[in-house]
Each structure stands twice: as structure tokens, then as C-alpha cells.
Number of protein chains: 2
Amino acid sequence: MDAKTLCLAVLSQGDASGYEIRKAVESGPFGHIQDIGYSSIYPALSRLHDDDLVSVTEYAQEGRPDKKVYKLTAEGRMSLLGALQEPTESDKTRSDFLFRMLFADILPPSVVEQMIDNRLQEIEATLARINARSNAGFENTGDAFLNGFAATVQRAMADYIEENRYQLVGSSLVPQRAVAE
Amino acid sequence: MDAKTLCLAVLSQGDASGYEIRKAVESGPFGHIQDIGYSSIYPALSRLHDDDLVSVTEYAQEGRPDKKVYKLTAEGRMSLLGALQEPTESDKTRSDFLFRMLFADILPPSVVEQMIDNRLQEIEATLARINARSNAGFENTGDAFLNGFAATVQRAMADYIEENRYQLVGSSLVPQRAVAE
DNA sequence: TACAATATATATCATTTTGTAATATAGGTC
DNA sequence: GACCTATATTACAAAATGATATATATTGTA
């Protein structure tokens with residue numbers, strides 16, 4: 001999803017400022033599958049405003065820039081509904097960790113070990129966050145579905161890594177030349 | 001990984017043109033975790049050449065542009081090895097499908113059904129490709145590890161979706177008011 | 001208590017990435 | 001014969017990303 005659609009999606013659950021949109025994505029259900037920074041959000045909101053898909057109310061504040069609270073217009077709501085029914089792109093995973101594992105053969109074993117341990121810790125941290133969200137209750141069915149999905153996938157990843165890590169580290173412990181000789 | 005590092009990574013497995021790098025990423029092990037288009041590859045190769053991380057040999061061809069075959073320099077090889085040991089970013093998944101599922105409540109049930117079926121088909125297609133690669137044999141341990149990883153995760157996704165799809169479609173079939181009454 | 005870190009809030013700029021089209025030809029399919 | 005796919009690179013606009021700037025209140029730590 002592009003930044004504009006993501007902003008519309010967050011705003012469909014309640015009015016928000018750019019700053020609040022960021023927080024909502026980070027800690028809400030969208031966070032499982034999306035990532036967005038301020039440098040994407042603010043230009044997106046400007047363009048949405050140009051197209052009358054959102055309206056703005058400014059609140060003066062002391063010590064900070066004025067807070068601009070955005071609100072979906074009827075047009076914006078229609079636009080979101082339209083976007084949701086457009087053809088989906090296929091899912092994508094980017095993994096720096098797996099990328100490095102492709103080079104396990106040529107990396108120092110201790111480095112590989114460390115990377116694996118770090119990744120497993122990250123997964124456990126993610127699982128903890130998922131469980132916390134699950135205890136806090138869900139906004140709708142999709143939210144519950146996605147949380148369960150994320151938990152299942154993270155667990156599968158951790159299990160696979162734990163069961164197969166010896167392949168990687170074993171291979172880097174024994175230099176290939178030694179095997180050939 | 002950025003485009004430059006990805007190019008270095010592919011070139012570390014053999015000399016290639018931009019076009020061939022694209023194909024290698026698409027159908028090789030990198031394809032599980034990376035995506036890259038020509039509009040990223042060619043500028044990346046230019047910059048790598050500027051920095052002497054790759055060298056080029058041009059081959060004249062008829063009917064097509066000259067083929068430029070790139071080759072890692074010693075410097076390029078060092079640079080790749082360095083990049084592999086830099087801190088990893090956390091893994092990221094983008095899913096248009098899951099994004100839409102968050103709005104299952106407000107989408108027509110038939111549309112949701114269709115999206116789920118499409119997604120399951122895509123996963124099966126991906127699994128078929130993974131199995132084909134597994135039968136073709138692996139280049140190194142990392143490759144085998146990643147293939148198994150991808151298979152495990154895709155299978156976990158499909159199973160979860162099949163077991164929980166009724167939640168989503170049920171929710172959009174039965175208006176919430178009807179449940180409350 | 002002093003100092004540091006975090007939270008609040010937006011803007012901007014350079015760099016990267018992405019999507020799309022242009023170009024040109026050979027070979028296979030309907 | 002028309003159309004699609006494969007080969008191969010370039011160019012350009014649009015979008016996303018990372019980093020920095022600005023300014024202050026609050027919270028946490030030593």
C-alpha cells in the first residue's frame with residue numbers, strides 16, 4: 001500500500017495528526033505489515049488534502065508546531081473503499097538476516113552464531129508484543145485474524161531457525177578446503 | 001539490502017550483466033527475500049563502477065544494445081564482505097492481502113472470499129517453485145537453509161489462512177447487529 | 001538536583017527506489 | 001500475420017526513505 005492509502009486507512013479509524021498516524025501504524029495492527037516514516041506521511045497528507053480526501057483543523061500549541069488534525073471526507077472514505085478492492089500485489093518479505101545466511105559459508109562462525117541469536121531474540125520480542133496486543137483485545141475480526149497470523153508465522157520462523165541452525169554454523173565451522181583435502 | 005549490495009552479492013556468484021542480475025534475483029535464492037527492477041540495477045552498477053567495486057567488459061551484439069558484463073573487483077569483494085557484517089535491519093513483511101483483511105468487516109463477503117482463494121493459490125504456486133528449486137539442488141548451505149525456511153513459512157501461512165478464514169468471512173456475512181440481538 | 005532521554009509535532013532536503021515507457025530484434029505461438 | 005516472450009539498456013517522473021532541524025515538556029536516572 002502506498003503512503004496515501006495507509007493514511008486513509010488509519011484515518012478511517014479516527015481523526016489523527018501526522019504524528020499520531022505514525023504512532024498508530026507503529027503500535028497498531030498495521031505495524032505487522034507496514035512501515036512508515038514522517039517523511040512519507042506529511043507529503044501524503046498534503047496531497048490527500050489537495051484532492052479533498054481529508055480535511056484539516058489546526059490547533060495552536062505552545063512549544064510545539066501547531067497540531068494539524070486530519071479527518072476523512074466522504075470522498076476520502078469512498079477512495080479508501082475503492083483502493084481496498086483494487087488488485088493486490090503479491091506479499092513481500094525482506095530479510096537482512098536471511099540475506100546474510102546465504103553467505104554463512106564465508107562468514108566467521110561466531111558472527112553467524114551471533115546473527116542467529118539476535119534474530120531469535122527479535123522474534124521473541126515480536127511475539128511478546130503480539131501477545132500483549134492479544135490480551136488488550138481487538139478492534140475487529142481482521143485485527144484478531146492478523147494478530148493470530150503474525151503469531152503463527154513468527155513461531156514457525158523461530159522453530160525452523162532453532163531446528164536448522166546447526167546446518168549453517170556447521171558449514172562455516174569446517175572450512176571447505178579442509179573437506180576437499 | 002540496498003541495490004548496490006544486492007548487485008555485489010549476485011556478482012560474487014559469477015559475472016553478469018544487469019539483465020542477468022535481474023533474472024538471477026528473480027529465480028534464485030535472493031528472490032525469496034528481495035525484489036529488484038532494472039531501474040534500480042543499472043544506476044547501482046554505474047555507481048559501483050565509479051567506485052571501482054566492479055569492472056566492465058562490453059560485448060557488441062546485433063539487434064540489441066551492447067551487453068555489459070560486470071565483474072567483482074578485489075575491492076568489491078571486500079566491500080561485500082564488509083556489508084555482510086554491518087548491523088542487520090529487522091525483517092519486514094508487506095502484505096496487501098493482510099491489509100485488506102483488516103477491513104474484512106466492511107468489504108463484500110464475496111470479495112473477501114475471492115481474495116482469500118487468490119492468496120491461497122499464490123502460496124501454493126510459491127511452494128511449487130520452492131520444491132522445484134529443492135529438486136534442482138542447492139549451491140551452498142545458506143541456499144538450502146533459506147529454501148527450507150521459505151517452505152516452512154509459506155506452509156504455516158496457508159494452514160493458518162485455511163483454518164481461520166471462517167472468522168473473516170463469517171464476520172462479513174453476518175452483520176454485527178444481528179449477532180448482538 | 002542536574003543531566004539525559006523520551007515524547008510531542010512538523011518540515012525539508014538529498015538520496016534511493018520504483019514504475020513506466022522507449023528502443024530494437026529474434027523466435028515461438030495462435 | 002499478429003501477438004507475446006526473451007534479450008538488453010536507458011531515461012525520466014513520482015514516490016519513499018533517511019537524516020537533520022527546530023523547540024519544549026515530561027520522565028527517568030545517576
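A note on names: the letters A, B, ... follow the listed sequences, proteins ahead of strands, and every chain is numbered from 1.
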Side chains of A/Met115 and A/Met101: closer than 4.5 Å at any heavy-atom pair?
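A/Met115 reaches A/Met101 side chain to side chain.
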A/Arg133 and A/His32, any side-chain heavy atoms less than 4.5 Å apart:
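Yes, their side chains come closer than 4.5 Å.
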Reckon [X] touches a base, only the sugar-phosphate, or nothing at all at heavy-atom distances under 4.0 Å?
X: B/Arg22; answer: nothing
X: A/Lys4; answer: nothing
X: A/Ala3; answer: sugar-phosphate

Indicate, with yes or no, if B/Leu45 and B/Met78 share a hydrophobic cluster defined by side-chain heavy-atom contacts under 4.5 Å among Ile, Leu, Val, Met, Phe, Trp and Tyr.
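No, separate clusters.
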[X]/[Y] ion pair, N-O < 4.0 Å:
X: A/Arg155; Y: A/Glu124; result: yes
X: A/Arg94; Y: B/Glu89; result: no
X: A/Lys23; Y: A/Glu26; result: no
X: A/Asp117; Y: A/Arg165; result: yes

If you only use heavy atoms from C-beta on, which nucleotide in [options] is closest to the side chain of [X]?
X: B/Glu20; options: C/dA9, C/dT8, D/dA8; value: D/dA8
X: A/Lys67; options: C/dT10, D/dA16, D/dT10; value: C/dT10
X: A/Tyr19; options: D/dT9, C/dA7, C/dT17; value: C/dA7
X: A/Arg47; options: C/dC13, D/dT9, D/dA15; value: D/dA15
X: A/Pro65; options: D/dA16, C/dT10, C/dT17; value: C/dT10
X: B/Arg94; options: D/dT17, D/dA8, C/dA9; value: D/dT17

Please report the distance, rounded to the nearest Å, between [atom1] in [X] and [atom2] in [N].
X: A/Tyr42; N: D/dA15; atom1: OH; atom2: P; result: 20 Å
X: A/Ile41; N: D/dT17; atom1: CD1; atom2: C1'; result: 12 Å
X: A/Gln34; N: D/dA16; atom1: CD; atom2: C1'; result: 12 Å
X: B/Asp66; N: C/dA24; atom1: CG; atom2: P; result: 15 Å
X: A/Tyr38; N: D/dT22; atom1: OH; atom2: P; result: 19 Å
X: B/Leu45; N: C/dT17; atom1: CG; atom2: P; result: 12 Å
X: A/Met1; N: D/dA15; atom1: CE; atom2: P; result: 14 Å
X: A/Ile36; N: D/dA16; atom1: CD1; atom2: P; result: 7 Å

Ignoring backbone atoms, establish whether [X] has a side-chain N or O less than 4.0 Å from OP1 or OP2 of [N].
X: B/Lys23; N: D/dT7; value: yes
X: B/Gln61; N: D/dT7; value: no
X: B/Ser39; N: C/dT18; value: no

Expected output: side-chain B/Asp15 to main-chain B/Lys71 donor-acceptor under 3.5 Å
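Between the backbone of B/Lys71 and the side chain of B/Asp15 there is no qualifying donor-acceptor contact (under 3.5 Å).
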Side chain of B/Arg100, backbone of B/Asp96: donor and acceptor closer than 3.5 Å?
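Checking the backbone N and O of B/Asp96 against the side chain of B/Arg100, a donor-acceptor pair under 3.5 Å is found.
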In terms of the nearest nucleotide of DNA chain D, which residue is placed more toward the 5' end: B/Val69 or B/Glu89?
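That would be B/Val69.
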To the nearest 10°, let me know how far the axis at one end of the helix from C/dT1-D/dA30 to C/dC30-D/dG1 is tilted from the axis at the other, five pairs an end.
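So the angle between the two local helix axes works out to 50°.
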Which residues within residues 5-18 of chain A lie with some heavy atom under 4.0 Å of an atom in DNA chain D?
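Those residues: none at all.
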How about A/Phe145 and B/Tyr160: are their ring centroids closer than 6.0 Å?
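Here the rings of B/Tyr160 and A/Phe145 have centres that are less than 6.0 Å from each other.
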